[in-house]
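Here's the structure we're looking at; comments come further down.
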Protein chains: 2
Amino acid sequence: MFRQDAILDLAFQALADPSRRAMVDRLVQGPATVSDLAKPLAMSLPGVMQHLAVLEASGLVVSEKIGRVRTCRIEPKVLSQAEHWIAKRRALWERRLDRLGVFLDETKDD
Amino acid sequence: MFRQDAILDLAFQALADPSRRAMVDRLVQGPATVSDLAKPLAMSLPGVMQHLAVLEASGLVVSEKIGRVRTCRIEPKVLSQAEHWIAKRRALWERRLDRLGVFLDETKDD
DNA sequence: ATTATACTTAAGTATCTGCTTTAGTATTGT
DNA sequence: ACAATACTAAAGCAGATACTTAAGTATAAT
């Protein structure tokens, strides 16, 4: 559907804000309404809605409105993709250090 | 030194840009000069310098200038912290799903 | 000594972000 | 019916971001 690059742009951008991370923190405990998410944040409700829009645009969160209440929940797929991107780079970095270690080891008596 | 929250702000913000992720991609293969990092990017050198400044401010990259050449390398600690933040939330989310599964299991014969 | 290389600094600009306030709409409770 | 609740839409604004070009500095090569 979307290029991996664009997904990561949106995901990391979404995670770069402390209010949005607080919302994610709340949502990993289970679904919550917009008001629930707003309660701990020192911010107007429209402000919270805008953060929610960013989280939904990134695919990290989905929501559904029933009656007058919108219920939000985590969608872990994008979270995994972001985690995996980082893990992959760390692994590459460490693999390189290992190779370097072996090389230094093999040449230490030269 | 810095609050975890501020570190994550800077780290995720740094990773939210595709040019900066490309720079990280290059650096996990090993150290590189500013020119090396600039080569694949369709951008002026000062533009690259500014991205590098963002990466250094986040702690994801460190650099050292020797003679007229600045050499950059990955500093994996912040990368780990970002990865860990995500992993923790995924784990919490999954733990919740498990508890929910057990609950549904225990009550399915009611 | 001159020239080329590898950044570096400064300034300018267009767009994006993270809020705000005001004014709605749709549901639900009394 | 009427009021309260739970969002939602629109507009405005200060500051941040992602570039650019032009001009400069320090080092290395010839």
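All values below come from the heavy atoms of this structure, side chains included, with hydrogens, waters and symmetry mates left out. Order of the sequence lines fixes the chain letters, A, B, ..., with proteins taken first and strands second; residue numbering starts at 1 for each chain.
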How long is the line joining [atom1] of [X] and [atom2] of [N], in whole Å?
X       : N      : atom1 : atom2 : result
A/Phe12 : D/dT17 : CZ    : C1'   : 18 Å
B/Leu45 : D/dA23 : CG    : P     : 17 Å
B/Leu15 : D/dA18 : CG    : P     : 12 Å
B/Gln13 : C/dG18 : CD    : C1'   : 12 Å
B/Arg70 : D/dA26 : CZ    : P     : 14 Å
B/Asp17 : C/dC16 : CG    : C1'   : 13 Å
B/Leu52 : D/dA18 : CG    : P     : 14 Å
B/Glu56 : C/dC7  : CD    : P     : 13 Å

Winner on side-chain proximity to B/Pro46, out of D/dA18, D/dA22, D/dA9, is D/dA22
Here the gap from B/Leu15 atom CG to B/Ser58 atom OG, rounded to the nearest 0.5 Å, amounts to 7.0 Å
Rounding to 0.5 Å, atoms CG (A/Leu45) and CG (A/Leu37) come to a distance of 10.0 Å
| request: Could you check whether the rings of B/Trp85 and B/Phe12 sit parallel, tilted or perpendicular, using 30° and 60° as the cut-offs? | output: perpendicular
query: At under 4.0 Å between heavy atoms, what does A/Ser35 touch on the DNA or RNA strands: base, sugar-phosphate, or nothing?
result: sugar-phosphate
**OP:** Using a 4.5 Å cut-off on heavy atoms from C-beta on, say whether the side chain of B/Leu52 contacts that of B/Val34.
**Re:** yes
Review point. Would you say the base of D/dT20 and the side-chain of B/Gln50 have a donor-acceptor pair closer than 3.5 Å?
Key: yes
- Task: Show the numbers, then the answer: is there a salt bridge (Lys or Arg N to Asp or Glu O under 4.0 Å) between A/Glu83 and B/Arg90?
- Result: CA-CA 9 Å; A/Glu83 185 184 348; B/Arg90 279 220 309 133; 2.6 Å; yes
Contact list (N/O, under 3.5 angstrom) for nucleotides 25-29 of chain C vs protein:
unit_1, atom_1, unit_2, atom_2, d
C/dT27, O2, A/Arg68, NH1, 2.8
C/dT28, O4', A/Arg68, NH1, 3.4
C/dT28, O4', A/Arg68, NH2, 3.4

D/dC19 phosphate, OP1 or OP2: any side-chain N/O from B/His51 under 4.0 angstrom? yes
* B/Thr33 vs C/dC7: side-chain N/O to OP1/OP2 distance below 4.0 Å -> yes
Minimal heavy-atom distance between A/Pro18 and B/Asp5, with the atoms involved, is CB-OD2, 3.3 Å
In A/Arg73, A/Glu56, A/Glu75, the residue satisfying side chain to side chain donor-acceptor pair (under 3.5 Å) with A/Ser63 is A/Glu56
